[in-house]
Amino acid sequence: MNKSAISPTRQEDFPGWYQEVIKAADLAEMAHVRGCMVIKPWGYGIWERIRDLLDKEIKARGHENAYFPLFIPLSYIQKEADHVEGFAKEMAVVTHHRLEQRDGHLVPGGELEEPIVVRPTSEAIIGASMSQWIQSYRDLPLLLNQWANVVRWEMRPRVFLRTSEFLWQEGHTAHSTQQEAMDETIEMFGVYESFAQEVLCVPVVAGEKPPSERFPGADRSFSIEAMMQDGKALQAGTSHFLGQNFAKSADIKFLDHTGELCYAYTTSWGVSTRLIGALVMTHGDDDGLCVPPRVAPHQVVISPITRGEPVDADVLAYARKCSQGLFGSTYCSEPLRVKVDDRLIKSVDKKWQWLKRGVPVLVEIGPRDLEAGTVTFRKRTSFYQADTMKLDDFIVQVPNLLGEVQDELLDRARSNLESNILTDEIDLSAARAYLDQGNGFLLAKWCGDTACEVAFKEQAATIRCLPRDRKAKGTVCVVCSKPATTDAIFAQSY
RNA sequence: CGGGCUGUAGCGCAGCUUGGUAGCGCGCCACGUUCGGGACGUGGAGGCCCCGGGUUCAAAUCCCGGCAGCCCGACCA
């Protein structure tokens, strides 16, 4: 009888399962514009939680939010050579500014003298402002962040993972010294790492990107790499040390305390709606999504079991009493988010809906509970096992229940990550065979030569990052057997 | 951007070969019997058959061109 709610299952067809969960959990649907998605309330609610919590972390470190234009003059983009090369192939370009009737059709008219690109990222246009705002070392550091949409015309869109338009946060800072900019890069890198783990329950491998995977125009890039349940890596957040590259191209200069004119050092860092894709592929099961309580739009849903009988009114009142009892309680220093789902549909349908959406705790209240002064509830992590508790006890216990779900999700994900990182010292053919199966990460030594990365191309595997906290066994490069200079995580990736 | 597959009711699909009144299941609405693990019966609503051209007396069906989606590559903070 315990037929799973999602078909196909993860085992049968992981990409098919992913798309089905997106749909069944009411997160999003593809719009009829290439690669664009409509984010539905449950999905957007998760994004709002991510935004609100991360925004606090960003502001707590002295950054201020601002907003810069969606449109960037082509000439701004052109200033940084690597940046242009990195983004040129995926740019939406605006060339006209009106529509004209011609042969009964609307066609673009009024060609622009200079084409405008829709921002794929905002280094170029924010740099232009920075250059005007910064004159003295007293103007530094300049610590900005913006929440915005960006557009990248990717070849192969995938909902939440790689959409033509997506929502993100992009931090942009300018500093007077290299060290301070580097510290900033590492600081925000750390914020992402702990946010992923503590808030999203997504454990990650944190490390520096190899040169081939750097952000276009960056001197150094750092990323957090999460492992999806199919063993593939998902880059979940990046932080870049841009050196003086953008300062030179955007003319961001200041007079230091000795009166010398210097270029600033800049950084940028961001996370996007891709994090929702990470949540799905980290915590989803064959019954749908499991939303970590800290980012769940509703942490507790109370479903009154009504059957069109006189007792319904009392059941509903009892459900509201339960909801009100939770009012004023907190979890992680925030008021509980509780919803009474009093829609006039069958309670069993509500149960399946909330299972698929992944609400952390679902409470069902019926005439029996009313009579006994109890509630019946299920945690999403053990949904098929309902518990019954006195109402007063339940009200006290809810924060603990949420904590349990949060912990269970993290533990489960962490054990998946750790048990699927191959750390054996193996030779190239064994490494290839392992990566070809695509069931996890390989932690191995690397000589630092890009040519050795190419050896894994056939297996579609790349170096995801040079892990900060993990040491591979051995002393020689897994590919060429020359002395290794670093540890590296090899994996297939999204 | 190359190769393959697909586009018909909210969702999943049949019909297309061989052109001739638009179908099925789920869902939705109404009523009745049910009801704490996806109930059942009866009746009903709902379609520019992706878009634009062409062939034809006649196109969901044949031809051409687009657009969008999925899978595989290449590409990709």
Can we say [X] and [Y] salt-bridge, meaning some charged N sits less than 4.0 Å from an Asp/Glu carboxylate O?
| X | Y | result |
| --- | --- | --- |
| A/E225 | A/K232 | no |
| A/E404 | A/K379 | yes |
| A/K390 | A/D392 | no |

Atom [atom1], compared across [N] and [M]: separation rounded to whole Å:
| N | M | atom1 | value |
| --- | --- | --- | --- |
| B/C75 | B/G3 | C1' | 15 Å |
| B/G53 | B/G10 | P | 24 Å |
| B/C50 | B/A60 | P | 10 Å |
| B/A9 | B/C5 | C1' | 24 Å |
| B/A45 | B/U34 | P | 28 Å |

How is [X] classified with respect to the nucleic acid when contacts are heavy atoms under 4.0 Å: base, sugar-phosphate, or nothing?
| X | result |
| --- | --- |
| A/P15 | sugar-phosphate |
| A/S347 | nothing |
| A/F222 | nothing |
| A/R34 | sugar-phosphate |
| A/E170 | nothing |
| A/S272 | base |
| A/R158 | sugar-phosphate |
| A/Y18 | nothing |

Nearest listed nucleotide, side chain of [X], among [options]:
| X | options | value |
| --- | --- | --- |
| A/M30 | B/G69, B/A77, B/G36 | B/G69 |
| A/R152 | B/A77, B/C76, B/G69 | B/A77 |
| A/Q19 | B/A77, B/C75, B/C70 | B/C70 |
| A/D369 | B/G36, B/A77, B/C75 | B/G36 |
| A/M155 | B/G36, B/C1, B/G38 | B/C1 |
| A/R156 | B/C72, B/G36, B/A77 | B/C72 |
| A/K457 | B/G37, B/A77, B/C75 | B/C75 |

I need the single residue from A/H240, A/E213, A/K209 that forms a side chain to side chain contact (heavy atoms under 4.5 Å, CB included) with A/S223. Which is it?
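Going through the options one by one, the only one that passes is A/K209.
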So which of residues 306-322 of chain A are in contact with RNA chain B, with a heavy-atom cut-off of under 4.0 Å?
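When residues 306-322 of chain A is checked for heavy atoms under 4.0 Å from RNA chain B, the hits, listed by number, are A/R307, A/E309.
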Could you state the CD-P distance from A/E154 to B/A68, rounded to the nearest angstrom?
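It works out to 15 Å between those atoms.
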In whole angstrom, give the distance that lies between atom CG of A/L362 and atom P of B/G38.
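Result: 15 Å.
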Think A/K346 has a side-chain N or O under 4.0 angstrom from the OP1 or OP2 of B/G27?
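No, no such contact exists.
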